[in-house]
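First comes the structure, then the notes that go with it.
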Amino acid sequence: MKRPVLIWLAATFCVAANAQDLMTGPLASVSTQLQPVKTGNAQFVQKLEASQPNYRATFSVTKTSDKGNGDEGTYFLNLSDLDVSSVTYKVEKDVIAVMADTKQHRKFVRYSENGELKSLTDRVKLYADNPDIAKALVESLKKVIVAAEKAYKPARTPESLDDLRQWLKTNIGTEAVGSDKYEQTLTFDQGNPLRAVFRRSEVGAKGSASTETYSFNLGDLGLDGLQVEAKGKRFELSLVAQQKQKLMGYAKNGKLDNVVQSFEIISGDADRIRDIAAAWRKLIPLAIRQLESRKPVFASMASAQKYLEASVITAKADNRTIEQTLKPDCICTYTRRETDNKNNTEEVYEFNLADLAEKGAKLGVDKELYAIDLKTRDNRKLIGYTKNGVRQNYVSSLELAADNLENVRYMAQAFEKAVQICAQSRKSPVPTASQQARLDWIREQLPKDLGEKELTSYSLAHESGTCDLKLTVTQSGRKTSELVYDLALKDFNADATSFDVDGKTVYVSLVTKGKEKLVKTSKDGKPSDYVHTVKIQLGDLEKGRYVAEAFKQLIRNCVPN
């Protein structure tokens, strides 16, 4: 395809551009040197057009074969993006190619063939038909690049957070890249100016459109991930949450879809996307400081409780609703009712805040919702769990939900404070007055008729003093059986005494020194095997915790010095 050719001479530039413009001379020289080049089977016709501002330019190279077929390649670029040290020439068979690469080989040059936009490139390639013109063109291009570097001034962006927000809102807009169009908007929450929503609708050549929406807090963004990259025909500016955390809500075509860590702003113009990046580079540190200044201080249990209780509210996703309440006392209850397209479930968790790991509250994600994951110390199964009214096995973790990050932003810190205070303020109910008082207290805690089908009862008696005890375990179902343990406390290891959980059962374990079988037993009045471990089942965790503590004290006071 043949196209009309225009070779711009120095006089042309003097008319088109300001006479005082330093770019006029170097550009005119380049234009003069872009002469038609004849090869064995084709001809190259080249031209240079300066834009305004004139550090932006278009080079076009039309190659016409002997048969009359023509192809035009066009480069559009900011001349200051070229690397002076890269400008060189090279003989390619019967023609000399003059090449200039971009700095760091960044693909900042738009390139089209016969009017159709192709992928961005990092090189401009021109031609000369003899070494003298090639050398002259190299030198002129170098002068053009130096002049462009001096002339190029990025857009002036504001300094304050509010002005930067407005500047970005105004300058992020619709971009046409070839046959594709990207409609982009950035808006801000009136109630919380750090909350932003970025929407991008992609309209293809056939008119089909898809819309993606990202909701995020400006203070969650980081500078490390802020970068401009060439992707095919377009430029993308990536904005990434600090430490690549998934802190951004994401919806596609209006449907809440996931929680993500980044999004991209698209442009077809290298200068515009760089100016937008520069504005974000100013805004992000300001937003981080403002967000940090709003961080609540949890100075007391009351302040942590107030925040936690107010933050745990109903969370809604596209196809499910989670109604939840939290009673954040040291003995804590979390109730969660989840409704989706198929099921309704109610879960109740009961736990002691002091049993949570001090750093055991972590912000996470659950599909399209935010989540606060709570874990116990050493992953012990110390959380009571009921589902739809049916008691389940004890668990070591649970998850709270939120559809808005701001509702749970500081929940981990609030839990951390509450855990510290509950651990420090935990008071043992075990009497300290005497061995007899401890023994009497243990008796009161031992369960009567524990269980459902087969009932288990415990009784504890002492014969001579409080160091020789008899533990009687009575089980009644279809028939009744009785198991008696003779407990000589001096034979037991206080440090090995513990409470633990097995499925739905809490029990206290008493273990002899060296696990030697020293405990005499009898079943239904008849002697039975000696054992080294005695397990006492308790009705709940708190009883198990303190019955184990009371036995430890009894044992230590029965061991001879």
Side-chain angles (χ1 to χ4, degrees), residues 6-35 46-61 73-90 97-112 117-128 133-157 171 227-230 233-235 237 267-279 281:
L6 175 63
I7 302 177
W8 286 45
L9 301 176
T12 308
F13 276 91
C14 291
V15 174
N18 190 312
Q20 296 179 346
D21 195 328
L22 294 177
M23 294 291 290
T24 302
L27 281 172
S29 297
V30 170
S31 181
T32 301
Q33 291 152 3
L34 291 178
Q35 299 177 5
Q46 307 167 97
K47 69 177 180 178
L48 166 64
E49 294 180 4
S51 303
Q52 286 297 327
N54 54 14
Y55 50 75
R56 292 159 67 102
T58 302
F59 292 94
S60 61
V61 180
T74 305
Y75 303 92
F76 179 79
L77 69 154
N78 181 329
L79 293 165
S80 70
D81 282 328
L82 296 176
D83 184 352
V84 171
S85 65
S86 74
V87 185
T88 187
Y89 68 92
K90 179 183 178 182
V98 177
M99 295 165 290
D101 294 341
T102 58
K103 295 179 176 75
Q104 300 174 338
H105 291 280
R106 303 195 72 179
K107 294 183 177 181
F108 275 5
V109 179
R110 290 211 310 266
Y111 176 68
S112 63
L117 187 64
K118 299 295 182 181
S119 293
L120 296 160
T121 184
D122 61 357
R123 171 173 287 185
V124 173
K125 189 174 184 180
L126 306 170
Y127 296 93
I133 292 179
K135 291 175 182 177
L137 184 54
V138 165
E139 292 307 311
S140 295
L141 282 171
K142 288 182 176 182
K143 290 178 181 178
V144 163
I145 294 168
V146 171
E149 288 173 340
K150 294 178 180 178
Y152 173 50
K153 296 291 187 292
R156 293 184 64 182
T157 53
N171 285 274
Q227 57 183 351
V228 175
E229 289 186 302
K233 303 175 184 179
R234 67 195 193 191
F235 298 101
L237 170 62
S267 180
D269 188 284
D271 292 345
R272 182 157 54 248
I273 202 70
R274 277 187 293 218
D275 290 340
I276 291 172
R281 208 166 277 119

Heavy-atom closest contact (A57 atom, L48 atom, distance): CB-CD1, 3.8 Å

Non-hydrogen side-chain atoms of L27 and V144 separated by less than 4.5 Å: yes

Student check: side-chain heavy atoms of L120 and F235 closer than 4.5 Å: yes

Euclidean distance, T88 OG1 relative to M99 CE, rounded to 0.5 Å: 6.0 Å

Test item: L77 and V124 side chains (from C-beta on) under 4.5 Å apart, heavy atoms: yes

Straight-line distance of Y55 OH to L79 CG, nearest 0.5 Å: 10.5 Å

Atom pair OG/CD1 of S140 and I133 - distance to nearest 0.5 Å: 11.0 Å

Flag side-chain contact, heavy atom, 4.5 Å: Q33 against L141: no

Side-chain touch Y89/K135, heavy atoms, less than 4.5 angstrom: yes

Nearest-0.5 Å distance, CG of residue D83 to CD1 of residue I145: 7.5 Å

Short side-chain to backbone donor-acceptor contact, K153 and K150, under 3.5 Å: yes

Intermediate values then yes/no, side chain to side chain contact (heavy atoms under 4.5 Å, CB included), N54 and R56: CA-CA 5 Å; N54 54 14; R56 292 159 67 102; over 6 Å; no

Minimum side-chain heavy-atom gap F108-V228 below 4.5 Å: yes

Salt-bridge criterion met for D101 and R123 (N-O under 4.0 Å): yes

Heavy-atom side-chain contact between K107 and D122 under 4.5 Å: yes

Ring geometry between Y111 and Y75 (parallel below 30°, tilted from 30 to 60°, perpendicular above 60°): tilted

Sub-4.5 Å side-chain heavy-atom contact between R110 and D269: yes

Any donor-acceptor N/O pair, Q46 side chain to Q35 backbone, under 3.5 Å: yes

Salt-bridge contact R274-D271 (side-chain N to carboxylate O under 4.0 Å): yes

Candidate pair V87 and L82, rule side chain to side chain contact (heavy atoms under 4.5 Å, CB included), full reasoning: CA-CA 8 Å; V87 185; L82 296 176; 5.8 Å; no

Euclidean distance, S86 OG relative to K142 NZ, rounded to 0.5 Å: 9.0 Å

Atom pair OG (S29) and CD (E139), whose distance is rounded to the nearest 0.5 Å: 11.5 Å

Polar side-chain atom of K233 near backbone of G268 as donor-acceptor pair, under 3.5 Å: no

